[in-house]
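Take a look at the structure below.
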Amino acid sequence: MTSSKVEAPKTSALTTLISTTSKTESPTPLHALTAQVYHNLQHQHIWTSLKIHDPSEDASLPSLSMPLISGIPPQRMYTHPDEQLYLLQIGLREEDLPSERLWVLPSTQGQTWTLGKLATVFDALPLRTTGTESSTNAGEESKETFDKGKEEKLAKYFEKKREADKENKWGGKRLLLAVVDRLVGGDGTVVYYVVQDGHVKPRQN
């Protein structure tokens, strides 16, 4: 009787990411969670310029006790109602605007979040800036085919945005709360919720 050699299954891409980004041989559950959300944003939602912000290494987030992720989604994730109204007034669509860098807070299903805990996270985040970082797919139009009228409208929009940001008229800090299903029998699905710092006026449909 001959025996065939059974090869061990190859390591998954997510497991490889967790092991290669950890500074220890045994990654902590928090590190594994952050890497899982990072992997989901990169490969499932096609975010670019992703970065993990470790409080122990990032001097701009000294008061945080948990890592955060920042990146640029392929399209805008949220537009304030007053900002949306202004876009309509000057004849622009949300698709005409470049995507902004967003903060993502990794968490698990069943994890308890209080207003105090969320306030601590928001207090640690830098103020929103008027500058935007476009994704790698943005600005593919050539100068020859670019709508000059749209260019003027965008310049008008960014000027208005700078004014609105000074007085916090179009909303303050915001982040995405990434909730991972890691309970018994969970399949690792990640759901994202927009979380705002403070009150936001309701959107009119």
Side-chain angles (χ1 to χ4, degrees), residues 37-38 41 45-55 57-64 66-107 113-141 146-178 192-205:
V37 174
Y38 181 102
L41 289 169
H45 299 283
I46 322 299
W47 282 38
T48 57
S49 301
L50 283 162
K51 181 179 179 181
I52 295 177
H53 301 265
D54 190 331
E57 300 175 355
D58 195 331
S60 64
L61 304 171
S63 59
L64 275 183
M66 63 200 78
L68 292 177
I69 302 171
S70 72
I72 302 175
Q75 66 279 327
R76 288 170 65 92
M77 302 296 293
Y78 175 86
T79 303
H80 189 276
D82 290 341
E83 183 179 3
Q84 188 179 46
L85 178 61
Y86 182 75
L87 290 174
L88 291 173
Q89 290 174 348
I90 63 175
L92 284 176
R93 300 175 300 173
E94 293 184 29
E95 293 80 9
D96 297 325
L97 305 179
S99 296
E100 296 179 309
R101 176 171 289 276
L102 293 178
W103 293 94
V104 181
L105 175 59
S107 67
W113 286 100
T114 64
L115 291 178
K117 290 180 180 179
L118 288 174
T120 300
V121 176
F122 279 119
D123 288 344
L125 295 181
L127 294 174
R128 292 185 62 207
T129 60
T130 55
T132 58
E133 297 179 70
S134 58
S135 64
T136 54
N137 295 327
E140 291 181 350
E141 296 174 299
F146 189 78
D147 184 356
K148 183 145 182 95
K150 182 184 294 185
E151 186 177 10
E152 294 175 352
K153 292 176 182 178
L154 285 172
K156 187 176 181 180
Y157 161 78
F158 285 119
E159 179 62 30
K160 180 70 174 181
K161 180 173 172 58
R162 280 190 287 270
E163 296 176 2
D165 283 350
K166 289 179 182 178
E167 301 179 14
N168 207 25
K169 289 183 177 180
W170 289 351
K173 300 176 183 179
R174 69 176 64 102
L175 56 78
L176 291 184
L177 180 65
Y192 298 90
Y193 299 91
V194 177
V195 182
Q196 307 275 1
D197 182 18
H199 296 287
V200 178
K201 67 182 299 183
R203 189 184 301 275
Q204 295 181 355
N205 295 324

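- Side chains of L125 and D197 form no contact here, defined as non-hydrogen atoms less than 4.5 Å apart.
- Under a 3.5 Å cut-off, the side chain of S49 and the backbone N or O of G71 do not form any donor-acceptor pair.
- Within the 4.5 Å cutoff, the side chain of L92 has heavy atoms near those of the K150 side chain.
- One finds the CG atom of D82 at 11.0 Å from the CG atom of L87 (value rounded to the nearest 0.5 Å).
- Annotation: side chain of L97 is in contact with side chain of L154 (closest heavy-atom distance under 4.5 Å).
- Side-chain contact between W113 and L105: present, with at least one pair of heavy atoms (C-beta onward) separated by less than 4.5 Å.
- For the residue pair E95/Q75, the side-chain donor-acceptor check at 3.5 Å is not satisfied.
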*asked:* With side-chain contact (heavy atoms from CB on, under 4.5 Å) as the criterion, how do W170 and K160 come out once you've worked through the C-alpha distance, each side chain's angles and the decisive distance to 0.1 Å?
replied: CA-CA 10 Å; W170 289 351; K160 180 70 174 181; 3.6 Å; yes
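- Closest approach of G171 and R174 over heavy atoms only: CA-NH2, 4.4 Å.
- To the nearest 0.5 Å, the span separating CD on E83 from OH on Y78 amounts to 9.0 Å.
- Contact annotation: the side chain of W103 never approaches that of K173 to less than 4.5 Å [non-hydrogen atoms, C-beta and beyond].
- No side-chain heavy atom of H80 sits under 4.5 Å from any side-chain heavy atom of Y86.
- When side chains are defined from C-beta on, L175 counts as touching F122, because their heavy atoms get closer than 4.5 Å.
- With hydrogens and angles ignored, the 3.5 Å screen pairs no side-chain donor or acceptor of H45 with any backbone N or O of W47.
- A salt bridge links R162 to E159: at least one charged side-chain nitrogen sits closer than 4.0 Å to a carboxylate oxygen.
- With sequence neighbours excluded, no residue satisfies side chain to side chain donor-acceptor pair (under 3.5 Å) with K153.
- Residues L102 and I72 have side chains not in contact (no heavy-atom distance under 4.5 Å, counting atoms from C-beta outward).
- P73 and S99 get closest at one heavy-atom pair: O-OG, 2.9 Å.
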